[in-house]
2 protein chains.
Amino acid sequence: MEKQPAATFTHPLDDAELDLINRYWRAANYLSVGQIYLLDNPLLREPLKAEHIKPRLLGHWGTTPGLNFIYAHINRIIRNRDLDIIYICGPGHGGPGMVANTYLEGTYSEIYPDISTDTSGMHKLFRQFSFPGGIPSHAAPETPGSIHEGGELGYALVHAYGAVFDNPDLIAACVIGDGEAETGPLAASWHSNKFLNPARDGAVLPILHLNGYKIANPTILGRDTEEDLRHLFIGYGYEPFFVEGSDPHQMHQAMAATFEQVFDRIRAIQAEARTGMPGNFCPRWPMIVFRSPKGWTGPKEVDGKKVEGFWRAHQVPVSNCRKDANHRQILEDWMRSYDPQDLFDTDGRLKEELRALAPTAKRRMGANPHANGGLLRRELIVPNIRAYAVAVKERGRTMAQSTEVLGHYLRDILTLNSDHTNFRIFGPDETESNRLGSVFEVTDRVWMEEIKPYDVSLAPDGRVMEVLSEHLCQGWLEGYLLTGRHGLFSCYEAFIHIIDSMFNQHAKWLKVSRELPWRKPISSLNYLLTSHVWRQDHNGFSHQDPGFIDLVANKRADTVRIYLPPDANTLLWTGDHCLKTYDRINVIVAGKQPEPQWLSMDEAIKHCEAGIGIWEWAGNEQGAVEPDVVMACAGDVPTMEMLAAVDLLRQNIPELSIRVVNVVDLMALQSKEQHPHGLADAVFDKLFTPDRPVIFAYHGYPYLIHRLTYRRTNHGNIHVRGFIEEGTTTTPFDMTVLNELDRYHLAIEAIERVPGLREKAMNVIKLFRDKLEEHGRYIRQYGEDMPEISNWKWPYDSNGYRLS
Amino acid sequence: MEKQPAATFTHPLDDAELDLINRYWRAANYLSVGQIYLLDNPLLREPLKAEHIKPRLLGHWGTTPGLNFIYAHINRIIRNRDLDIIYICGPGHGGPGMVANTYLEGTYSEIYPDISTDTSGMHKLFRQFSFPGGIPSHAAPETPGSIHEGGELGYALVHAYGAVFDNPDLIAACVIGDGEAETGPLAASWHSNKFLNPARDGAVLPILHLNGYKIANPTILGRDTEEDLRHLFIGYGYEPFFVEGSDPHQMHQAMAATFEQVFDRIRAIQAEARTGMPGNFCPRWPMIVFRSPKGWTGPKEVDGKKVEGFWRAHQVPVSNCRKDANHRQILEDWMRSYDPQDLFDTDGRLKEELRALAPTAKRRMGANPHANGGLLRRELIVPNIRAYAVAVKERGRTMAQSTEVLGHYLRDILTLNSDHTNFRIFGPDETESNRLGSVFEVTDRVWMEEIKPYDVSLAPDGRVMEVLSEHLCQGWLEGYLLTGRHGLFSCYEAFIHIIDSMFNQHAKWLKVSRELPWRKPISSLNYLLTSHVWRQDHNGFSHQDPGFIDLVANKRADTVRIYLPPDANTLLWTGDHCLKTYDRINVIVAGKQPEPQWLSMDEAIKHCEAGIGIWEWAGNEQGAVEPDVVMACAGDVPTMEMLAAVDLLRQNIPELSIRVVNVVDLMALQSKEQHPHGLADAVFDKLFTPDRPVIFAYHGYPYLIHRLTYRRTNHGNIHVRGFIEEGTTTTPFDMTVLNELDRYHLAIEAIERVPGLREKAMNVIKLFRDKLEEHGRYIRQYGEDMPEISNWKWPYDSNGYRLS
C-alpha cells in the first residue's frame with residue numbers, strides 16, 4: 001500500500017469494535033449510576049421501586065462518564081500495544097467510575113473477593129458505595145489502581161510526573177478536570193515537562209477533560225476558545241490534540257484515532273531519545289483536550305431544568321428518587337438506556353465479549369503494581385553513618401555545619417543506589433543554599449531546557465530536582481514515593497507552609513493505606529527543613545516561621561515524626577533513620593550554619609535512639625539529689641543558647657544545681673498512650689523531676705511543648721520559650737533576643753523560677769540585663785553580634801573544668 | 001503630518017531625555033548598591049576603605065537594576081500621561097530598589113524625615129538597610145508605596161488584580177520575577193484577566209522580568225524560546241510585548257517605545273468598554289516580557305567567575321569587601337561606574353534636572369494612597385442584624401441554616417454599599433453550596449468570558465468572585481483590602497489550608513503595619529469556613545480537616561480572632577462584628593445545614609459580646625452550689641451533641657447537677673495576658689469552677705483547648721473531645737461517633753469523670769454503649785442516621801420541663 005486510507009486515521013474502529021467499546025463504556029456508566037443510587041435490584045430485573053434506592057444519595061456523576069470513556073479507550077490502547085499505563089484520576093470525585101472500571105476488568109473482585117463478578121457482587125458493589133461501613137465516594141486508597149485521591153484538587157499532573165520519573169516504560173495517563181485546571185499547583189504542573197528526560201523517564205499523557213462546569217459555575221478553560229487553548233498548551237511546551245463532541249459514536253472514533261496518534265508520538269519521542277545521542281532538549285509531548293458534556297448520557301432535564309451539559313449534573317442529577325415517582329422514572333429510564341441486559345449475563349457477569357476488551361493481569365490499570373508502589377519498593381542502600389561522623393575532639397568547641405555533613409551521606413546514597421535509580425532529592429532551588437552541595441559531586445540538577453557553557457551542575461540525567469515551586473517538589477516526591485521509590489525534600493522552613501494542605505492529604509492517604517492489607521508500605525516522606533526561623537535573620541520576617549511542626553503534630557501518631565537534631569552527628573542518625581522508615585512523614589529541622597558540635601557519634605546514636613536524654617556533662621547536679629532546675633532544649637539554636645545560659649549560671653551561681661535535658665524526637669514528650677515514641681510517665685518524671693522548675697528552650701511556637709506535656713506530673717512547672725512571632729532583618733543572636741530565647745533571658749528565667757533564688761541573685765540578673773542592653777547598643781552600632789557572643793563555644797573541658 | 005516618523009515608535013526618547021532617564025536609573029542603582037554595602041562614605045567622596053563597608057552584607061542585587069529600570073520608565077509614563085499607577089514589586093527581595101526609588105522621588109523622606117534628601121540622609125539610608133534597628137531587606141510594610149512583601153513568592157499578580165478591582169482609574173504595574181513565575185499561585189494568576197471588567201475595574205500591566213536565574217539555577221521561562229513565551233501569554237489571553245537586551249541606551253528606547261504602545265492599548269480597551277454597550281468579553285490586555293541580565297551593570301566577574309548575567313549576582317555579587325582589597329576595588333569601581341558626582345550635588349541631593357523626572361505629589365508611586373489603603377477606606381454600611389434574626393420560638397426546636405441567614409444580611413450589605421462599590425465576596429465556586437445564595441438576588445458572579453443563555457447568576461458586573469483556586473480568592477481579597485476596601489472569603493474548611501502560607505504572610509504584614517503610624521488601618525480579612533469537618537460526611541476524609549484554627553491561633557493575639565457561633569443569630573452577630581473590625585484576621589466557622597437554634601437575638605448579642613457564657617436554661621444546677629460537672633462546647637455540631645448529652649444525663653441521672661458553658665470566641669479561653677479577649681482568671685474560674693470535671697466538646701483538634709487553657713486553675717480537670725483524624729464517607733452522626741464526640745461518648749465521659757458516679761451509673765453507661773451499637777447496626781443497614789438522632793431537638797420547654 002502506498003498510502004494508508006484516511007479512514008484508519010479518522011475512523012480506526014470498525015463497526016464491531018465500535019459497538020463493543022461503546023457497550024463497555026455503557027457498562028461502566030451503568031455501574032457508576034448504580035453505585036450512586038441503588039441499594040437493591042442491581043440489574044433492574046424488576047421495575048425500580050422506592051426501596052431499591054439509597055436513602056442518602058452521595059456521589060458525583062458529572063465527571064464520571066468522561067472518565068469512563070477515557071478508561072475504555074486506554075484499555076484498548078494497552079491491549080493493542082501491550083503498554084504499561086496507570087490512570088491518574090484528577091477528578092477524584094469520579095470515584096464511581098474508577099470503581100466501576102476496576103470491577104469490570106476483574107481487579108476489584110480479586111482484591112475484595114466479597115464483591116464478586118456476579119449479581120450478588122454487583123449488589124454489594126452498589127450498596128457499599130458512599131455507605132456507612134462501605135467505601136468513600138472518591139477515588140481513594142481503597143480504589144485499586146489509584147495513587148491519587150483527587151478530593152483536594154490540583155495535584156493530578158504533578159503526581160503523574162512523579163510516578164514516571166525513572167520508570168522508562170511507564171505511561172501515566174492523567175485526566176485533569178477543567179475545575180482542577182484553575183488551581184495554582186495544576187497551572188504550574190504543566191511545566192513539569194521541562195524536568196522529564198525521555199531517555200530515562202516514562203511519559204505522561206495529560207488529558208484535559210473539559211466538561212465546562214464546576215459545582216455551580218462554568219470553568220475558565222471550558223469557556224476559552226480553541227485557539228487560546230492551543231496557544232496555551234503550545235506555550236507550555238506540548239502538542240495539543242482536540243477531541244470534542246457529544247455523539248458517542250463519533251467520539252469513539254475521534255478518541256481512538258487521537259490515541260493512535262499520540263501514542264505513536266510518545267513512542268517516537270522515546271525512540272529518538274533512547275537511540276540517539278543523549279542530550280538535553282524538551283520534546284514537544286502530546287496532550288489531549290477532551291471536551292464532552294458534563295453528565296454525558298445522563299438526564300437531559302429534571303424538573304424543567306437543564307442537567308446534562310450543565311453544572312446541575314455535577315453531583316446527583318435527579319435527587320428525590322425515593323419519594324418522587326417522576327424522579328424515579330427519570331432514573332429508571334436513564335439506567336435502562338444503557339441496556340444492562342445487553343451488558344451483563346443472567347448471572348450478572350459482564351458478557352464475555354466485553355470482558356475480552358480489558359487488558360489482562362498486571363496490564364489492567366487496577367492491577368498495575370506501580371499504583372501499589374510498595375510492591376515494587378526496594379530497600380534503599382545506605383552507607384554506615386559512622387563514615388561521615390564529625391570527630392568531636394573538643395565538645396562544644398569543634399564546629400561543623402550539620403546539613404553539609406548530611407550532604408556527604410546523601411551523596412553516597414546517590415552513588416550506592418545509582419544502579420536502581422530510585423532515589424531523588426527535591427527542593428525549591430535551595431540544595432546548594434541548604435549546604436547539601438556535595439551531592440553535586442556525583443549528580444546534577446535535572447535540566448532539559450538549554451544548558452549554557454557556564455552553567456553549573458545541570459544535566460538531563462541529574463537526580464536533584466529543583467524548581468521554584470514547593471507544590472511541584474512535594475507533588476513530584478509524592479508521586480515518586482507512591483510508585484515505590486525514595487526521596488528527600490529539603491526546604492526553607494518558613495515556606496514549607498506552602499504545601500500544608502498537600503502534607504495533610506498525603507498524611508490522610510497514608511493513614512487509610514495502612515489500614516488496607518493489600519496496600520504495601522511505601523517509603524516515608526522525609527522533609528529536611530533548614531534555613532530555619534533562627535537563621536533567617538538575613539531575609540527577615542517573611543522568612544521566619546516554625547509553624548509547620550504544629551501542623552504535623554496534629555496528625556495521627558502512627559503517621560508522623562518530628563526530629564530536632566542539635567548537631568551534625570545527631571542529624572546524621574536522624575536522616576539515616578528516616579530514610580529507612582516507611583508509611584510515615586518525618587520532619588527534620590536542622591541548621592546549615594557553623595555550630596558547636598555536642599555529641600560523638602556513639603553518644604549521638606544513644607541519644608537519638610532514646611529520643612531524649614540528660615546531658616550529664618553539661619549540668620552540674622551531684623549524685624542522687626534532684627537538681628534545683630532543669631534546663632531543657634530542643635532544636636540546634638535553642639540548644640546552643642541553653643548551654644550558653646547554663647554556662648552563665650554555672651559561672652555566676654556555682655551553687656545552683658542544674659540538669660540539662662536535650663530533646664531530639666519531639667514525640668518523646670508525649671505520653672506513651674498518645675504516641676508510640678512517647679516516654680512512660682515514670683521515665684519522664686525521672687528526666688524532668690516531679691516538681692522542679694523546668695526552663696525549656698524550644699525551636700518553634702512554645703505552645704506545642706505545653707500541648708505535648710500537659711498530662712505530665714510536672715507540667716505546671718514547665719516554662720517554655722520559643723518563637724513568639726517577633727522578627728526582622730537583624731543579627732542571628734538578636735533573633736533570639738527579640739523572642740526572649742537568648743542565653744540571658746533563659747538564665748534570668750531560671751533564677752526567677754528557682755524558689756528563693758531571685759532575691760539572692762539580683763546582682764546576677766542585673767548583670768544579664770546589662771549584657772542585653774550592651775548587645776542592643778553594639779549591634780545598632782556595628783551591625784553584627786558582639787564577638788563574645790558570635791564566637792561563644794562551650795568552655796568546659798572533658799573533665800568538666802571551665803577553660804580559662 | 002500624514003504619518004508619524006517610525007522613530008517615535010522605536011526611539012521615542014531624544015538624546016537629552018535618554019541621558020536624563022539613564023542618569024535617574026544610575027542614581028537608583030547607586031543608592032541600591034550603597035544600601036547593601038556602605039556604612040559610611042555614602043557619596044564616595046574619599047577612596048573606599050574597609051571601615052566604610054558593613055560587616056554583614058545582606059541584600060539582593062540581582063533583580064534590583066531591572067526593578068529600577070522599570071520604575072524609572074513608569075515614572076516617565078505617569079508624568080507624560082498623568083496616570084494613577086502603583087508598583088507591585090513581585091521580587092520583594094529587590095527592597096533596595098524600592099527604597100532607592102521612593103527616596104529619589106522624595107516620598108521616603110516625607111514619611112521618615114530623619115532620612116533626609118541630603119548627604120546625612122543618604123548616610124542613614126545606607127546604614128539602616130538590613131541593619132539591626134533599621135529596615136528589612138525586602139520590600140515590606142515599611143516601604144512606601146508597597147502593598148506586597150514578596151518574600152514568599154507567588155502573589156504579586158493576584159495582589160495587583162485585587163488592587164484594581166473597582167478602581168477604574170488605577171493601573172497596577174506588576175513586576176513578576178521569572179523565579180516567582182514558576183510558582184503555582186502565579187501560574188494561575190494570569191487567568192485573573194477573565195475576572196477583570198474594563199468598564200468598572202482598573203488595569204493590570206504584568207511585566208514578566210526574565211533575568212534568567214533563581215538562587216542557583218536558570219529559570220524555566222528564562223530558558224524558554226520567545227516563540228513558546230508568545231504562545232503561552234497569548235494562550236493566557238494577553239498580548240505580549242518583548243523588551244530584551246543589555247545595552248542601556250537601546251533598552252531605554254525599547255522600553256519607552258513599548259510603554260507608549262501598551263498604555264495606548266490599555267487606554268483603548270478602557271475607552272471601548274466604557275463608551276460602548278456594556279458586555280462581557282475578555283479584552284486582550286497587553287503584558288510585557290522584559291529580559292535583562294541578572295545583576296545588570298554590576299561586576300562582570302569576581303574571582304574569575306561569571307557574575308553579571310548569572311545567578312552569582314543573586315544576592316551580594318562581591319562579598320569580601322572588608323577584608324579583600326581586590327573585592328573592595330571591584331565594589332568601588334562598580335559604584336563609581338554610576339558616577340555619583342553626576343547624579344547628586346555637593347549636599348548629596350539628587351540634581352534638580354533628575355528630580356524633575358519623578359512625578360509629583362500623589363502621583364509618585366511611593367505616595368499613591370492606594371498603596372496605603374487605610375487612607376481611602378470608607379466604613380462599610382451595615383444593616384441592623386435584628387432585621388435578619390431567626391425568631392427562636394421554641395428554643396432548640398426551631399430549625400435554621402446559619403449561613404443561609406447570614407446570606408440575607410450579606411445580600412443587603414451589597415445593596416447598601418452598591419454606590420461605593422467597595423465590598424466583594426470571594427470563594428472557590430462555593431457561595432451557593434455554602435448557602436449564601438441569596439446574595440444572587442442582588443448581584444451575580446463576575447464572568448467576562450462567554451455567557452450562555454442558560455447560565456445562572458453570571459454577569460460582568462457581579463460582585464461575587466468565584467474561581468476554583470483558593471490562592472486566587474485569598475490573593476484578590478488581600479489586594480482588595482490592602483487598597484482600602486472590604487470583603488469576605490467563604491470556603492470549605494478543609495481546603496482553606498491551601499492558603500495557610502498566604503494567611504501567614506498577611507498576618508505578618510498586618511503585625512508590622514500596625515507598628516507604623518503612617519500606615520492607616522485596613523479592613524480585616526474575614527473567613528467564613530463552612531461545609532466544615534462535621535458535615536463533610538458526604539465528601540469523605542479528604543474534605544475533613546479543622547486544623548486551620550490551630551495555624552491561626554499561633555499568630556499574635558492582636559491580629560487574630562476565632563469565632564465558633566453555634567447557631568444563626570450568633571453567626572449574624574459574629575459576621576456583623578467581624579466586618580466592622582480592622583487590621584485583623586477573623587475566622588468564623590459555622591455550618592450550613594439545618595440545625596437547632598438556641599438563642600434569641602437579644603441572648604445572642606449578650607452571649608457573643610461576652611464571647612463565652614453559661615447557658616442556664618440548658619443545665620440544671622441549683623443556686624450557689626457548684627455543679628457536679630461542667631459540660632462545655634464550642635462549635636455548632638459539638639454544641640448540639642453536648643446538649644443532647646446533657647439531655648441524656650438529665651433524663652437518666654436527674655440528681656446530677658450540670659452546668660453548660662458555650663464558647664463563641666475561642667480566644668476568651670486564654671488568659672487576659674495572652675489575648676485581649678482573654679477572660680480574667682477569676683471569671684474563668686467562676687465559669688469552669690476551680691475543681692469540677694469539665695467535659696469539653698470542641699469543633700477542632702482537642703489539643704488547642706488544652707493549649708489555650710493550660711494556665712487555668714482547673715486545667716487538670718478539663719477533658720476535651722474533638723476531631724481525632726477519623727473520618728470517611730458516612731452519616732453526619734457517625735462522623736461524631738468515629739471521633740467520639742457524639743452525645744453518648746460525651747455523656748459517658750461525664751459519668752466517668754464525676755467522682756463516685758461511675759459505680760452508681762453502670763447501667764446508664766451500658767445503655768449508652770448499647771445505643772452506640774444500635775446506631776452502628778442501623779446505619780450499616782439503612783445508610784442513614786436513626787430518626788431519633790437525626791430528628792433530635794432540645795426537648796425542654798421554656799420553663800425547663802421536659803416535653804413528653
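Numbered from 1 within each chain, the chains take letters A, B, ... in sequence-line order. Basis for what follows: all heavy atoms, side chains included, without hydrogens, waters or symmetry-related copies.
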A.B. asks: Select one option (side chain, backbone, both, neither) describing which atoms of B:Arg711 are under 4.5 Å from chain A's heavy atoms.
C.D. replies: neither
A.B. asks: Between B:Glu227, B:Arg230, B:Lys452, B:Lys194, which residue shows the highest count of heavy-atom pairs closer than 4.5 Å to chain A?
C.D. replies: B:Lys452
A.B. asks: Relative to chain B, which segment of A:Glu430 carries a heavy atom at a distance below 4.5 Å: side chain, backbone, both, or neither?
C.D. replies: side chain
A.B. asks: Any side-chain heavy atom of A:Ser501 within less than 4.5 Å of one from B:Phe495?
C.D. replies: no
A.B. asks: With respect to chain B, which residue among A:Ala553, A:Ala187, A:Ser542 yields the maximal number of heavy-atom pairs within a distance under 4.5 Å?
C.D. replies: A:Ser542
A.B. asks: Taking the six-membered ring of B:Phe440 (Phe, Tyr or Trp), confirm whether the NZ or CZ of B:Arg445 is under 6.0 Å from its centre and within 45° of its axis.
C.D. replies: yes
A.B. asks: Please evaluate residues B:Arg223 and B:Asn217 with respect to the criterion side-chain hydrogen bond (donor to acceptor under 3.5 Å, both in side chains), reporting the C-alpha separation (whole Å), side-chain torsions for both, the decisive distance (0.1 Å), and the verdict.
C.D. replies: CA-CA 11 Å; B:Arg223 290 275 161 104; B:Asn217 266 308; over 6 Å; no
A.B. asks: With a 4.5 Å cut-off on heavy-atom pairs, point out which of A:Gly540, A:Ser130, A:Gly59 contacts chain B the most.
C.D. replies: A:Ser130
A.B. asks: Is it the backbone or the side chain of A:Phe548 that comes under 4.5 Å from a heavy atom of chain B, or both, or neither?
C.D. replies: neither
A.B. asks: Tell me, side chain or backbone of B:Glu149 under 4.5 Å from chain A's heavy atoms, or both, or neither?
C.D. replies: side chain
A.B. asks: In chain order, what residues pass the side-chain contact (heavy atoms from CB on, under 4.5 Å) check against A:Leu153, with sequence neighbours excluded?
C.D. replies: A:Glu180, A:Thr183, B:Leu468
A.B. asks: Where does B:Asn554 contact chain A at under 4.5 Å (heavy atoms): side chain, backbone, both or neither?
C.D. replies: both
A.B. asks: Which bit of A:Ser137 is near chain B, if near means a heavy-atom gap under 4.5 Å: side chain, backbone, both or neither?
C.D. replies: both
A.B. asks: Which region of A:Ser457, side chain (C-beta onward) or backbone (N, CA, C, O), has a non-hydrogen atom less than 4.5 Å from a non-hydrogen atom of chain B, or is it both or neither?
C.D. replies: neither
A.B. asks: Tell me, for B:Tyr701 versus chain A, whether the close heavy atoms (under 4.5 Å) come from the side chain, the backbone, both or neither.
C.D. replies: side chain
A.B. asks: Of the listed residues (B:Arg56, B:His538, B:Gln781, B:Gln315), which shares the most heavy-atom pairs with chain A below a 4.5 Å separation?
C.D. replies: B:Arg56
A.B. asks: Measure from the side-chain N and O atoms of A:Tyr454 to the backbone N and O of B:Phe310, and report whether any donor-acceptor pair falls under 3.5 Å.
C.D. replies: no
A.B. asks: Classify the ring geometry between A:Tyr710 and B:His706 as parallel (under 30°), tilted (30 to 60°) or perpendicular (over 60°).
C.D. replies: parallel
A.B. asks: Give the ring-plane orientation class for B:His314 versus B:His93, where under 30° counts as parallel, over 60° as perpendicular and anything between as tilted.
C.D. replies: tilted
A.B. asks: Which region of B:Leu551, side chain (C-beta onward) or backbone (N, CA, C, O), has a non-hydrogen atom less than 4.5 Å from a non-hydrogen atom of chain A, or is it both or neither?
C.D. replies: side chain
A.B. asks: Without swapping roles, check the side chain of B:Asp537 against the backbone of B:Thr729 for a donor-acceptor pair under 3.5 Å.
C.D. replies: no
A.B. asks: We want to know whether B:Glu466 and B:Thr431 form a side-chain donor-acceptor pair, criterion being a heavy-atom distance below 3.5 angstrom.
C.D. replies: yes
A.B. asks: Quick one: which of B:Val464, B:Leu458, B:Asp455 gives a side chain to side chain contact (heavy atoms under 4.5 Å, CB included) with B:Trp447?
C.D. replies: B:Leu458
A.B. asks: Between A:Phe233 and chain B, which part of the residue has a heavy atom less than 4.5 Å away: side chain, backbone, both or neither?
C.D. replies: neither
A.B. asks: Measuring heavy-atom distances to chain B, does A:Leu229 have an atom under 4.5 Å in its side chain, in its backbone, in both, or in neither?
C.D. replies: neither
A.B. asks: Is B:Ile779 in contact with chain A via its backbone, its side chain, both, or neither, using a 4.5 Å heavy-atom distance?
C.D. replies: both
A.B. asks: Below 30° counts as parallel, above 60° as perpendicular, anything between as tilted: where do the rings of A:Tyr778 and A:Tyr782 land?
C.D. replies: tilted
A.B. asks: What option among B:Thr728, B:Asn539, B:Leu704, B:Leu708 has the most heavy-atom pairs under 4.5 Å with chain A?
C.D. replies: B:Asn539
A.B. asks: Relative to chain B, which segment of A:Arg780 carries a heavy atom at a distance below 4.5 Å: side chain, backbone, both, or neither?
C.D. replies: both
A.B. asks: Out of A:Leu221, A:Ile215, A:Leu58, return the one with the most heavy atom pairs under 4.5 angstrom to chain B.
C.D. replies: A:Ile215
A.B. asks: Pick one of side chain, backbone, both or neither for A:Asn504, based on which atoms fall under 4.5 Å of a heavy atom in chain B.
C.D. replies: side chain
A.B. asks: How far does CG of A:Asp228 sit from CD of B:Glu449, to the nearest 0.5 angstrom?
C.D. replies: 8.5 Å
A.B. asks: For B:Phe733, check ring pair (Phe, Tyr, Trp, His ring centres under 6.0 Å) against everything at least two apart and list the hits.
C.D. replies: B:His775
A.B. asks: Does any backbone or side-chain atom of A:Trp509 lie under 4.5 Å from a heavy atom of chain B? Answer side chain, backbone, both or neither.
C.D. replies: neither
A.B. asks: May I ask you to check if A:Lys54 and A:Phe129 form a cation-pi contact, with NZ or CZ under 6.0 angstrom from the six-membered ring centre and within 45° of the axis?
C.D. replies: no
A.B. asks: Identify which of A:Gly179, A:Gly547, A:Pro218 forms the greatest number of heavy-atom pairs closer than 4.5 Å to chain B.
C.D. replies: A:Pro218
A.B. asks: Take A:Gln536 and A:Tyr492 through the test side-chain hydrogen bond (donor to acceptor under 3.5 Å, both in side chains) and record every step on the way to the result.
C.D. replies: CA-CA 9 Å; A:Gln536 282 292 343; A:Tyr492 280 25; 4.8 Å; no
A.B. asks: In a check of salt bridge (charged side-chain N to carboxylate O under 4.0 Å, His left out) between B:Glu725 and each of A:Lys555, A:Lys511, A:Arg556, which one passes?
C.D. replies: A:Lys555
A.B. asks: Looking at chain A, which one of B:Thr225, B:Leu186, B:Thr219 has the largest number of heavy-atom pairs inside 4.5 Å, strictly under?
C.D. replies: B:Thr219
A.B. asks: Chain B heavy atoms under 4.5 Å from A:Phe541: which part of the residue, side chain, backbone, both or neither?
C.D. replies: both
A.B. asks: Given the options A:Lys306, A:Gln544, A:His471, which has more heavy-atom pairs under 4.5 Å with chain B than any of the others?
C.D. replies: A:Lys306
A.B. asks: Contact part of A:Gln505 toward chain B, heavy-atom cut-off under 4.5 Å: side chain, backbone, both or neither?
C.D. replies: side chain
A.B. asks: I need the residue from A:Gly133, A:Pro428, A:Pro55, A:Ser469 with the largest number of non-hydrogen atom pairs under 4.5 Å to chain B.
C.D. replies: A:Pro55
